[in-house]
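Below, all heavy atoms of this structure are taken into account, side chains as well, without hydrogens, waters or symmetry copies.
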Amino acid sequence: MAQPGSFSPRGWQQLQFVTPPSCKLCGAPFEHDAGLPLCAPCTAPRGYDRALCGPGRLDKVRSAVTYDALSADLILQLKYGDRHDLAPTLGGLMVPALAAIEPPRNAVLQPVPLHPKRLRSRRFNQAALLAKALSERSGMRYRLDLLQRVKETPQQRGLGFAGRRRNLSGAFKASPDAKRQAVILVDDVLTSGATLLSAARSLRKAGVSFVAAVTVARVFETAKDPQVLLPEV
């Protein structure tokens with residue numbers, strides 16, 4: 001970092017941006033451009049539970065960078081090191097990812113909420129800081145009241161996708177005001193996608209017309225470079 005909250009030229013070059021060719025729905029990058037519009041999970045039968053996008057799920061997903069040692073350090077400094085000055089920088093990284101979603105004109109940003117107990121412990125929601133920064137950079141409105149976290153979930157570490165999904169069942173409740181809204185969920189990291197899918201389902205039940213998600217970083221199981229473990233704090 002050259003200055004607090006800004007990248008040095010070397011740091012910028014080290015970021016692994018998630019760029020095309022990629023899945024037109026979930027944004028997963030393709031190793032080669034074979035002219036295919038969708039990845040395997042997005043073309044799987046409807047019952048495939050690991051798909052991020054599709055009926056009852058998210059319409060689109062985009063992430064700015066791969067979750068690796070560099071992006072993890074930045075996110076963890078924001079999340080646990082009180083480096084709120086990093087939120088505008090990370091929000092800036094998310095602007096192209098948000099644009100790639102091609103959100104409806106009336107879309108609003110909604111950060112993935114924390115349970116009140118977790119919020120009191122941490123004192124702030126990093127997703128809300130990112131949503132505010134992304135709103136300022138993109139001009140898109142953000143709201144904090146369309147979704148609540150009503151279930152305090154135990155740690156996710158060590159759980160497979162099915163376990164994470166069960167863990168998050170009923171974790172969110174959408175406001176009646178969400179009906180017919182177009183909502184872009186904002187979060188710091190996409191791991192299995194279980195959190196975003198649980199939030200999306202709650203919004204769907206409330207009558208949301210379009211729900212997508214944008215994150216700073218995304219964990220890819222097929223990444224060539226080692227990826228750090230997410231802490232559970």
Side-chain angles (χ1 to χ4, degrees), residues 1 3-7 12 15 17-19 26-27 52-53 58-65 67 71 74-116 118-119 122-149 172-190 193 195-200 202-204 206-218:
M1 304 290 284
Q3 299 176 353
S6 65
F7 288 103
W12 182 266
L15 288 169
F17 289 95
V18 182
T19 58
C26 78
L52 293 174
C53 299
L58 293 153
D59 287 297
K60 288 186 179 181
V61 181
R62 290 294 185 275
S63 300
V65 297
Y67 190 83
S71 60
L74 295 169
I75 290 168
L76 297 178
Q77 285 187 56
L78 168 67
K79 196 169 183 175
Y80 303 119
D82 286 338
R83 287 290 307 276
H84 294 196
D85 60 300
L86 291 173
T89 302
L90 298 177
L93 292 181
M94 299 168 76
V95 172
L98 176 63
I101 291 174
E102 299 179 331
R105 288 187 177 182
N106 65 333
V108 295
L109 302 169
Q110 166 66 53
V112 173
L114 294 175
H115 186 271
R118 180 66 61 84
L119 183 59
R122 191 177 294 169
R123 296 175 288 107
F124 65 93
N125 179 1
Q126 74 283 352
L129 296 179
L130 292 169
K132 181 177 184 293
L134 184 55
S135 174
E136 293 171 348
R137 295 294 186 99
S138 68
M140 185 178 294
R141 293 183 302 124
Y142 80 102
R143 294 183 61 167
L144 304 175
D145 60 343
L146 297 180
L147 193 65
Q148 299 176 30
R149 192 154 189 161
F172 299 98
K173 182 179 179 181
S175 165
D177 292 343
K179 188 174 183 179
R180 289 189 291 274
Q181 291 270 10
V183 177
I184 312 295
L185 293 165
V186 179
D187 209 355
D188 51 359
V189 181
L190 192 168
T195 298
L196 293 173
L197 287 173
S198 180
S202 296
L203 291 167
R204 294 285 191 195
V208 167
S209 61
F210 177 94
V211 56
V214 61
T215 69
V216 177
R218 179 170 173 178

Would you give me the side-chain donor-acceptor pairs under 3.5 Å for residues 130-138, sequence neighbours excluded?
{"residue": "Lys132", "atom": "NZ", "partner": "Glu136", "partner atom": "OE2", "Å": "2.7"}
{"residue": "Ser135", "atom": "OG", "partner": "Met140", "partner atom": "O", "Å": "2.6"}
{"residue": "Arg137", "atom": "NH2", "partner": "Pro88", "partner atom": "O", "Å": "3.2"}
{"residue": "Ser138", "atom": "OG", "partner": "Leu134", "partner atom": "O", "Å": "2.7"}
{"residue": "Ser138", "atom": "OG", "partner": "Met140", "partner atom": "N", "Å": "3.2"}

Got a sec, which residues hit side-chain contact (heavy atoms from CB on, under 4.5 Å) with Ser63, two or more places apart in sequence or on another chain?
Leu190, Thr215, Arg218
Contacts of Asp82 that satisfy side chain to side chain donor-acceptor pair (under 3.5 Å) - sequence neighbours left out
Arg123
Name all residues meeting the side chain to side chain donor-acceptor pair (under 3.5 Å) criterion together with Ser202; count only those two or more places apart in sequence or in a different chain, and write none if there are none.
none
Listed partners of Gln126 passing side chain to side chain donor-acceptor pair (under 3.5 Å), at least two apart:
Arg122, Asp188
Just so I know, are the side chains of Asp145 and Ser175 near enough to count as touching, which here means a heavy-atom distance under 4.5 Å?
no
Is there side-chain contact between Val208 and Leu146, with at least one heavy-atom pair below 4.5 Å?
no
Not counting sequence neighbours, which residues clear side chain to side chain donor-acceptor pair (under 3.5 Å) with Asn125? List them please.
none
Counterpart residues, side-chain contact (heavy atoms from CB on, under 4.5 Å), relative to Arg141 (two or more places apart)
Val108, Arg143
Would you please name every residue forming a side-chain contact (heavy atoms from CB on, under 4.5 Å) with Ala200, sequence neighbours left out?
Leu58, Val211
With sequence neighbours left out, what residues match Ala212 under side-chain contact (heavy atoms from CB on, under 4.5 Å)?
Lys60, Ile101, Ile184, Phe210
According to the salt bridge (Lys or Arg N to Asp or Glu O under 4.0 Å) rule, which pairs have a member within residues 104-113, sequence neighbours left out?
none
Return the set of residues passing salt bridge (charged side-chain N to carboxylate O under 4.0 Å, His left out) with Asp187 (not counting sequence neighbours), or none when no residue passes.
none
For residues 81-108, which residue pairs pass the ring-ring contact (aromatic ring centres under 6.0 Å, His included) check, not counting sequence neighbours?
His84-Phe124
Rounded distance [0.5 Å steps], CG in Asp177 versus CG in Leu147:
12.5 Å
